[in-house]
Protein chains: 2
Amino acid sequence: MSGQQRQRVPPGAETPGRVGDVRRGNLARVLTAIARWTSEQSPTRAQLATLTGLTKASVSSLVTELIEQGLVVEIGQHRDGERGRPGVGLGLDPSRCVLGMEVNVDYVSAGLVNLSGQPINHAVLPRDNRSSRPEEVTGALGELITEYRNFATNQGLTILGGALAIPGLVDSRNSLVLHAPNLGWDGIRLGLAGLLPDTLLGVSLFNEANASAVAYRQSVPQAPATFLFVSGEVGIGGAVVIDSELFTGPHGAAGEIGHVIVQPGGSPCSCGAHGCLETMAGQDAIYRASGVLAPVRNPGQPVTTDPEPRETIALLHAALVAGEPQALDAVDRAGYYLGAAVASSARLLDVHTVVLGGHFAALGQWIVPALHRSAADHGPASGWPLRIILSPLGATAALVGAAQSVVRDLLEHPPVATQR
Amino acid sequence: MSGQQRQRVPPGAETPGRVGDVRRGNLARVLTAIARWTSEQSPTRAQLATLTGLTKASVSSLVTELIEQGLVVEIGQHRDGERGRPGVGLGLDPSRCVLGMEVNVDYVSAGLVNLSGQPINHAVLPRDNRSSRPEEVTGALGELITEYRNFATNQGLTILGGALAIPGLVDSRNSLVLHAPNLGWDGIRLGLAGLLPDTLLGVSLFNEANASAVAYRQSVPQAPATFLFVSGEVGIGGAVVIDSELFTGPHGAAGEIGHVIVQPGGSPCSCGAHGCLETMAGQDAIYRASGVLAPVRNPGQPVTTDPEPRETIALLHAALVAGEPQALDAVDRAGYYLGAAVASSARLLDVHTVVLGGHFAALGQWIVPALHRSAADHGPASGWPLRIILSPLGATAALVGAAQSVVRDLLEHPPVATQR
DNA sequence: ATCAATTAGTTTATAATCTGAACTATATGG
DNA sequence: CCATATAGTTCAGATTATAAACTAATTGAT
């Protein structure tokens, strides 16, 4: 037998470059060019040709395929008052969307995001997930999903896939929650496949801080391309965006700024280390230092009942507005340590901008002065313009960002039709 | 006029995917497959076909081109005692090489590295570069280069390009030294192009810690693919390697672990910040704490003459061997703070292995216990197997690594012959 | 109204490059 | 000396981008 099939690929081998890969790459180029188009008028084939460097002929062929796949639609004629034949505007199909979801400590949320990354709608469902088993939570999600599927059907929308953000370490590939201390989930495989059956993309899992960072980058027009995102939730989450790309590290756990050491040999953190940022600037630390919660309980001490999470935030906020010195001091102190961790991280990662999200964004006006003071103390004397920005996005950031991640992945890796 | 040239590409546009790109990619695939081949026997075309997933026909064609380019050579026949026609072994052309160089505080060094990444020879020339102007140093380099060019001519070697490592921040693209405090160079364009005229690749510039990390990864067989490299030179340099790839950050300055804050509001660092790792574990800090150098001079105090750098190291080493408590304490303390910074960085970057180079490697047996203690104090309680390794490479690491970087870039982006 | 000028988009021949099958080359072992 | 086996080459076929020619649609001047 002298037949020569494609070789059986041994483990660790690479995928070869075939001629067809060029098309896949160019499909993605055209698609992302359409997605990133900023001007008012939607782009024409000719404009895409100049932008991508491909010829008009190639763009025509590629666009035809994208239209057949239902990713792109023609949007009427172009008229700029110029001479010549008017072009046909092209845009991402507005009827395709992705369902974003978030499970956090005290709520579950969901919403639809279209291929342009814009949220269509969303809802937040208060729910205490701290003591819930995963199946209960996915059950609650299931109800939300049914609502959104009905909405989609009514509006003529097609849901291509889903995305779930959770506050913890995840293994996206395998829908595995590695470690979510605030939900009490550890090494849990979520049954996500069943949540959105019969969709092209299935359901992907994301870390909450990463998803929020993506949402910031995609939703805020003046967002920088490179920044460190710090999210104050129950813990302190973080994410690193470099050139609009998430840096998730070799195992997907990069950006965990909450466990940067700000006091070697300091107080014990819930993670087991000592002197982590979280012990100085975490929600609990701020609450207790500000007198909103009782100080740390010792084993022997009688247990006092703490207020509900939502109320606690309101209490702290009220104290700050009232100018109570203990609260102001607590936040100032947290900001100073946060600044040290941020300075360390920013220099280590070579990043010049920090975006504060979650509760840190809410504490903005009180925490930012300390942050700036700290950044000045802990940054190089010259040539270090550390910018500190507050994220304007609220609690829906994570679900929107998770969905946007899925959309972006689809646009960068469009399904290839011509494949036997 | 209806002619249709390739469109003029507007700024910010992408390069399109042409059919020819596939070949470029596959040339690189075959080349790196040859380079990474580990077994005794050199690979044959057939083996490369199975490994890369390409067909024998494609591999034949690609190998022919690589041989024409002088990157690959045939190395006699294969005989494994098996049946069938014996294959022809393929290897990287052993007569091609790259000249690696390093300028450090108290020496200049150079050496040749072949396409397999193996050093052919090297030499270190003691020289105090602290007070030298760049032209003087490049002059001294020029003399070394002449020697190596003669050597290459005599041995029938072709020098394809050069690589220079320096202890400081560089802009590789533009041969620009942004900030090298220990050499006193700031914003200096080195005239590197003239150093190796008429070479295919010219001369590239690298950061010393990055280059040393590359050398570790390429030269030590059991080296992990992902690690944080910490280099104790006059300052504390660092580098991040993820999946065998340098992570240099958006501006090329990532990995600067020397300026991670280990004591918020601590003593001032030469960089202008307060509480940097360098102030606690830098060479100077260790020397002064161990009593080998006089304590920090205050402005009014009379200046005492400190010994030469080389002697100081010897003094410290002697004190440690003699078991002098002050020296042991100083190193232990430095190790503890180093451990805190390393723990922070490792968690932020999601890295599980740390490699110590430069003086830290030399202090190994005295500093590692404190490092382990500190890592235990500052890492999560479970599931965090931080490995600490000492680099066995000496002062030639940086020049070798710089050259290896250039070689690797050549192998991953081989020049395409069929281009009009 | 008509036509030149201009721009958008399509058609078609050509070139690059990988694949797959057939073929040649060279070894081992009975 | 021949069956078997493996290495490597040759060549037709499939994809896909390019370049040039062509068709389509619009503006503005005559």
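Below, chains carry the letters A, B, ... as their sequence lines are ordered, and counting in each starts from 1.
- Taking side-chain N and O atoms only, Asn26(A) has a distance below 4.0 Å to OP1 or OP2 of dA17(D).
- Below 30°, between 30° and 60°, or above 60°: for Phe247(B) and Phe247(A) the angle between ring planes is below 30°, a parallel geometry.
- Nearest nucleotide to the Ala57(B) side chain, out of dG20(C), dG9(C), dT18(D): dG20(C).
- Rounded to 10 degrees, the angle between the two end axes of the helix from dA1(C)-dT30(D) to dG30(C)-dC1(D) is 20°, with five pairs used at each end.
- Of the two residues contacting DNA chain C, namely Val88(A) and Ser61(B), the nearest-nucleotide position lying further toward the 5' end is that of Val88(A).
- Minimum atom distance to the side chain of Arg83(B) is reached by dA5(D), of the listed dA8(C), dT17(C), dA5(D).
- The CZ-P distance, from Arg24(B) to dA16(C), rounds to 15 Å in whole Å.
- With dT26(D), dT19(C), dA27(C) as the choices, the nucleotide that has an atom nearest any side-chain atom of Pro86(A) turns out to be dT26(D).
- Within the structure, a side-chain polar atom (N or O) of Gln77(B) is placed less than 4.0 Å from OP1 or OP2 of dA27(C).
- For Asp171(A), the side chain to side chain donor-acceptor pair (under 3.5 Å) test picks out Asn174(A), with sequence neighbours left out.
- Partners of Gln118(B) under the side chain to side chain donor-acceptor pair (under 3.5 Å) rule, at least two apart in sequence or in another chain, do not exist in this structure.
- Atom CG of Asp21(A) is separated from atom P of dT19(C) by 10 Å (rounded to the nearest Å).
- OP1 or OP2 of dT18(D) lies within a sub-4.0 Å distance of a side-chain N or O belonging to Ser58(A).
- Under the salt bridge (charged side-chain N to carboxylate O under 4.0 Å, His left out) criterion, Arg217(A) pairs with no residue, sequence neighbours left out.
- Side-chain contact, Arg29(B) with Asn26(B): a donor N or O sits under 3.5 Å from an acceptor N or O.
- Within residues 37-45 of chain B, the residues having any heavy atom under 4.0 Å from DNA chain D are, by residue number, Thr44(B), Arg45(B).
- Within the structure, every pair that satisfies the salt bridge (Lys or Arg N to Asp or Glu O under 4.0 Å) test and touches residues 243-252 of chain A, not counting sequence neighbours, is listed here: Glu245(A)-Arg408(A).
- When rounded to the nearest whole Å, the span between CG of Leu27(B) and P of dA16(C) equals 15 Å.
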When the side chains of residues 84-99 of chain A are checked against the rest of the protein, which donor-acceptor pairs come out under 3.5 Å, sequence neighbours left out?
{"from": "Asp93(A)", "atom 1": "OD1", "to": "Ser95(A)", "atom 2": "N", "distance (Å)": "2.8"}
{"from": "Asp93(A)", "atom 1": "OD1", "to": "Ser95(A)", "atom 2": "OG", "distance (Å)": "2.8"}

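- In this structure, Lys56(B) places its NZ atom 14 Å from P of dC23(C), rounding to the nearest Å.
- Residues passing the side chain to side chain donor-acceptor pair (under 3.5 Å) test with Asp350(B) are His251(A), sequence neighbours excluded.
- At a cut-off of 3.5 angstrom, counting only N and O atoms as typed in the model, there is a donor on one side and an acceptor on the other between the side-chain of Arg85(A) and the base of dA8(C).
- Rounded to whole Å, the distance from CG on Leu62(B) to P on dG8(D) is 14 Å.
- Here Ser204(A) pairs with nothing under the side chain to side chain donor-acceptor pair (under 3.5 Å) rule; sequence neighbours left out.
- The phosphate of dA17(D) has OP1 or OP2 within less than 4.0 Å of a side-chain N or O from Arg23(A).
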